[in-house]
Amino acid sequence: MTDTSDRGGPGSPIPDDADVMSRDMRWFTYATGLGVRVEAEAVPEPRPDTEVAPALPEAALGDRTPLPRGTTELLERAPYPHGRVGTPRERADALGHALVAGFGLQRREPENPFNDHRPYPSVRAKFPVQVLVRDGRHRRVLDLYRHALTGVGRQDGAAGPLEVALAGRYTRLPDSYRWFRSSLIGLELGVNLRQLCLGMELFGLSGRLRLPDRNAAGLLTDFGLTPESEWSLPLTVALEDGGPPVAAAPAERAADPVLDGILTVNRAQDFTGSAAPLGPSVPAGLPRDGALSWAEVLWRRSAGRMPRGMYGMTGRRRPVPERTLREAVSWLSVPPPGPQLAAAWQELRLTAVFQGIEGHADGVWHLRDGRPTLHQARPGAAAELETHYGYPVTPYAGGDVRHASAVWFLSAHPRRLVDRLGPGGFTAAQYAAGWAAQGISLAAAATGLYARPARAFQEVPTRQLLGLDPDEMIVCAAITGTPRFEGLLCDLRL
């Protein structure tokens, strides 16, 4: 991630009063010149939040291939962070175990309104990103509640190399999120990419990542993901060289002007070049203490808890050892795979508000060259941030930022992204930020903290508190702290 200590910039190109649902689309238009209408009068009223797309694609009606059992037992024998399970005898079993490790159900919290919990977070626990597998003849979707890969799309042709695709469905998130669904799906794709890489790494599998190009919509048709206008272009990881060809698909338009604007952003991706080998998802320099297994770390991952069916999260303020910070910084120092995502990751600036961390003053810090550097000593900065958080503390919900140990912010200059990577750089930055946010989540789980990725901070006052440039966009944040509440946990692992 780049050192931006000398950055200046013009005044903000985005109106200070732009609402959170349209703000990112305005940034995209500013960066690319590809206009998207975001005026409220141009779009229909949103449907009720209960009217969302189903959890699995409608085409998921085919035969089921059971996933292997015993993944948790294998992970319990793999010490965190450097233990690995290795490759089981059958390659299909290895991929099955990797998918369960990366995405499998972990637990249910009876008092939590948003269940069930997986080793990664998702907006309102909607999990809009689907994990799809094809081998030439078969196309299948990861069906966690049936512990299977369920047939979807085409089921013909000759056997071919294994390939995993990640595609997000915008209509799985409520209409009330409007254009904001574009960024949220981009971030969740980055989160899911890190989980896929982690599962494959734990089970000794290698692969090559291909980012979307202008023909990638053909893969949506191949998997039967219709209407295609509701889906993001897929990220694909080939476990072997090559892969079944797909026909080019025409550029689609959506009748809904909000979805049409979202497609303008997503279909601006045209990443060319060879697929890139996956690198590590786990930092190499973490200490070996053997106290935890990978099964325990994935089980612990939490975005925070509340009692009695209340929403949000709350924590308790306490001193945090420096080792906790070093762990998070190590996870944040691992770039996503491939040159394009690595370039987007380098364009991200990481700024944090620390509180109560051993050896570090309370205040605003920048991460430069893998090391935190004090930007401004500012006791009470976390409490100030809470006033800019979109979910205030109420009798029914918790939005506890004032007790957080660290609040991490990933930001970028949209025009620099586009100058470096083309219009698709805007979306690539979201993939890279989601990758980084999931690193924070895993580091927090390993050190007894919760981590809540968020896009709910008011951008203008938060940018001013952090000392960011006026032409700098906050891509994602993550709130980390010590949980205040505990409760019954129902184990769902297999």
Side-chain angles (χ1 to χ4, degrees), residues 49-50 55 67 69-80 97 99-128 142-148 188 191 195 198-199 291-318 320 324 327 391-405 437-438 440-454 456 478-494:
D49 280 5
T50 52
L67 291 165
R69 294 181 177 269
T71 303
T72 297
E73 285 79 2
L74 293 172
L75 293 173
E76 284 173 341
R77 302 171 198 160
Y80 170 86
H97 282 301
L99 295 178
V100 175
F103 303 102
L105 301 173
Q106 296 293 303
R107 65 186 186 280
R108 170 163 288 196
E109 301 170 359
E111 83 289 351
N112 197 318
F114 297 122
N115 277 303
D116 291 315
H117 295 274
R118 307 186 193 187
Y120 60 101
S122 178
V123 177
R124 292 194 177 193
K126 292 297 185 185
F127 299 101
L142 181 61
D143 189 344
L144 291 173
Y145 283 95
R146 295 180 176 87
H147 199 67
E188 293 211 21
V191 168
Q195 282 302 106
L198 174 62
L292 296 174
S293 69
W294 272 108
E296 183 69 13
V297 170
L298 297 174
W299 162 267
R300 285 185 176 192
R301 201 286 311 166
S302 171
R305 300 185 68 173
M306 291 290 291
R308 304 186 306 278
M310 296 170 67
Y311 293 89
M313 86 295 179
T314 191
R316 57 184 177 88
R317 186 171 176 177
R318 71 172 177 92
V320 171
T324 299
E327 189 116 353
Y391 295 98
V393 177
T394 72
Y396 312 102
D400 188 352
V401 181
R402 66 190 181 278
H403 292 146
S405 299
Q438 181 58 7
I440 295 172
S441 292
L442 293 169
T447 53
L449 304 181
Y450 69 83
R452 176 171 287 255
I479 306 162
T480 61
T482 300
R484 179 182 294 274
F485 297 106
E486 296 181 354
L488 179 65
L489 302 177
C490 301
D491 197 339
L492 302 178
R493 296 174 295 178
L494 291 171

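Quick caveat: nothing in here was measured; it's all calculated off a predicted structure. One-based numbering along the sequence shown.
R301 and S441 share no donor-acceptor pair across their side chains, judged by distance under 3.5 Å alone.
With a 4.5 Å cut-off on side-chain heavy atoms, R300 and L292 count as touching. You'll find the side chain of T71 stays beyond 4.5 Å of the side chain of L494, heavy atoms only.
For the atom pair CG (D116) and CG (L492), the distance works out to 5.0 Å, reported to the nearest 0.5 Å. With rounding to the nearest 0.5 angstrom, the CG atom of L298 is 7.0 Å from the CG atom of L442. Taken from CZ in R402 to CG in D400, the straight-line distance is 4.5 Å, to the nearest 0.5 Å. Here the NE2 atom belonging to H403 is positioned 13.5 Å from the CD1 atom belonging to I479, to the nearest 0.5 angstrom. Considering CD of E296 and OG1 of T72, their distance stands at 11.0 Å, rounded to 0.5 Å. Separation of atoms CD (E109) and OG (S302) is listed at 5.5 Å; rounding is to 0.5 Å.
For the pair Q106 (side chain) and Y120 (backbone), a donor-acceptor distance under 3.5 Å is absent.
In this structure, Y311 has its ring center no closer than 6.0 Å to that of Y391.
Applying the ring-ring contact (aromatic ring centres under 6.0 Å, His included) rule to Y450 yields no partners; only residues at least two apart in sequence or on another chain are considered. With sequence neighbours left out, the ring-ring contact (aromatic ring centres under 6.0 Å, His included) criterion links Y396 to no other residue.
Remark: R118 is positioned above the aromatic ring of F127, its terminal NZ or CZ atom under 6.0 angstrom from the ring centre and at most 45 degrees off the axis.
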Legend entry - Criterion side chain to side chain donor-acceptor pair (under 3.5 Å) on T482 and R318, from CA distance to verdict: CA-CA 7 Å; T482 300; R318 71 172 177 92; 2.6 Å; yes

